[in-house]
2 protein chains.
Amino acid sequence: MNDIELVSANKSFGGWMKRYRHRSQVLHCDMVFGIYLPPQADQGKPLPVLYWLSGLTCTDENFMQKAGAQRLAAELGMVIVAPDTSPRGEGVPDDAEGAYDFGLGAGFYVNATEQPWAQHYRMYDYVVQELPGLIEEHFPVSDQRSISGHSMGGHGALTIALRNPARFKAVSAFAPIASPINCPWGNKALPGYLGDDRDLWRRYDACALIEDGARLPHLLVDQGTADDFLENQLKTGLLAEACEKAGIAADIRMQDGYDHSYYFISTFMAEHVSWHAKRLTR
Amino acid sequence: MNDIELVSANKSFGGWMKRYRHRSQVLHCDMVFGIYLPPQADQGKPLPVLYWLSGLTCTDENFMQKAGAQRLAAELGMVIVAPDTSPRGEGVPDDAEGAYDFGLGAGFYVNATEQPWAQHYRMYDYVVQELPGLIEEHFPVSDQRSISGHSMGGHGALTIALRNPARFKAVSAFAPIASPINCPWGNKALPGYLGDDRDLWRRYDACALIEDGARLPHLLVDQGTADDFLENQLKTGLLAEACEKAGIAADIRMQDGYDHSYYFISTFMAEHVSWHAKRLTR
């Protein structure tokens, strides 16, 4: 049994919003995650789980406080789990200049191979393996998992779902980084965490994974047209092209006038929760 | 024309979440307020406005980011305005020890008479007069105003509505400070801002105002039973008693297991927005 320690609990929409601390064996540090348990969690039947991956600079809290996902999760009986965006704590290295887009708060959901990052920065394994294992050990959940995220977390959700279709049954994203290989954020993070091995970079790039043969049965993406990062960093068009070439049924919606903020996410969050719920067996 | 300067704009539920800065003549400092303009604001017909008063330590942002009020406001065509909780900026005095419950972030919606507070700490006049004047000058809104708030802001909403029934047509509150005269927060704020004049204190105490003859046509209050401040600070029971004695039709709901957080507020926010919308002419 891997211990988890309750950090806080707030009743929310008839269920419970809780935060737990645990020792991560994969990341070699203490981690905190947020979990929303809908009222149905008390009724004994295992519930499906939506994993949410947040963007640069976020912790486990931003999404749970601002996205308004609990309302629909309570209605539909979905558990939602939100991990932190990087390893944390004493001994975990950070970018030398404290950059917002590398190091703490910017794990990019990869398994780092370079020093000094390789020991702690293994967010890919944490999200794919350790965290679901912990959730399934401690909470009344089924093996029906899906995944979503925003920006860097949208990139994480897409790449994790493309590489683990049996483990995550559905994936959606808000304003994902479509192709880290082809944008400044990725061109800093990929060599920084992974070194020069460009074949390895392709394992963490949604468009490259699709080109290399990975498939999804369906995909929902919302992207604001007024998002300041759209053109230089997110490049939604590359994802649309890759999906079209590969015959992936992707619903990529350009949302007129919306930006990169949680005001955008909260507007469409209920649709995403419903979309996931429909694709998970209950 | 009193100028307002746009600070930020985010599309939200088809409408716009905006923040503006302006020079307050009442508070003698620059102030920022948040306003949610639903999609109906573009259609020419003046819309009703719900004023939201936040609690201790908040700015104009907490409510707009965390309460999830925009969804229903967009559906029902309500404008929501959220002011800051105190005057701000250079030259505005703060509590000598930086206490969270007095000075900056803790204006208590009174007109201070004591030094050094009297020049700036006039949040009562700001919320009752200056801010609605500014909103009605710059936005497509009607004179249908209502008011709500949380904790210190619940106290503000109740006392302002009780003293200005013609100006605010409806009032609701989340976990309001029911009687500042009878709790530690109030026993610090009232003498601090108002001095020893206990008759003046009664003008800023919902229960005392009701005892002294003020009336409301209806009232909705939600209060969590697991709220750590309920027993010592909020004392909802005093408000229930005062309303009952006065024959005020108050729906004071004790919500089982909920605490003082925005997770509590967001759970019941949609009901409050609907409740206000029903009581305003459109």
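Heavy-atom basis, side chains included; hydrogens, waters and symmetry copies ignored. A, B, ... follow the sequence lines: proteins, then strands. Residue 1 opens every chain.
- Here the side chains of B:Lys11 and A:Asp256 are in contact, with some heavy-atom distance below 4.5 Å.
- In this structure B:Tyr126 satisfies the side chain to side chain donor-acceptor pair (under 3.5 Å) test together with B:His22, sequence neighbours excluded.
- Proximity to chain A involves both the backbone and the side chain of B:Asn10, based on heavy atoms less than 4.5 angstrom apart.
- For the atom pair OH of B:Tyr258 and OG of A:Ser12, the computed distance is 7.0 Å after rounding to the nearest 0.5 Å.
- A 6.0 Å sphere centred on CG of B:Asp251 holds more than 12 heavy atoms belonging to other residues, nucleotides or ligands.
- Counted within 6.0 Å of CZ on A:Arg21, heavy atoms from surrounding residues, nucleotides or ligands total 12 or fewer; the atom is thus considered open.
- Neither the backbone nor the side chain of B:Ala226 comes within less than 4.5 Å of any heavy atom of chain A.
- In this structure, the portion of B:Ser261 lying under 4.5 Å from any heavy atom of chain A is its side chain and not its backbone.
- For a residue to count as touching a neighbouring chain, one of its non-hydrogen atoms must lie under 4.5 Å from one of that chain's; by this rule A:Ala9 touches chain B with the backbone only.
- Both the backbone and the side chain of B:Phe13 come within less than 4.5 Å of a heavy atom in chain A.
- Residues forming a salt bridge (charged side-chain N to carboxylate O under 4.0 Å, His left out) with A:Arg279 (at least two apart in sequence, or on another chain): none.
- Near-neighbour residues of residues 63-72 of chain B relative to chain A, defined by a heavy atom under 4.5 Å from a heavy atom of that chain, comprise B:Met64, B:Gln65, B:Lys66, B:Gln70, B:Arg71.
- Atom CD of A:Glu5 is surrounded by more than 12 heavy atoms from other residues, nucleotides or ligands within 6.0 Å.
- The list of side chain to side chain donor-acceptor pair (under 3.5 Å) pairs with a residue in residues 35-53 of chain B, not counting sequence neighbours, reads B:Trp52-B:Ser54.
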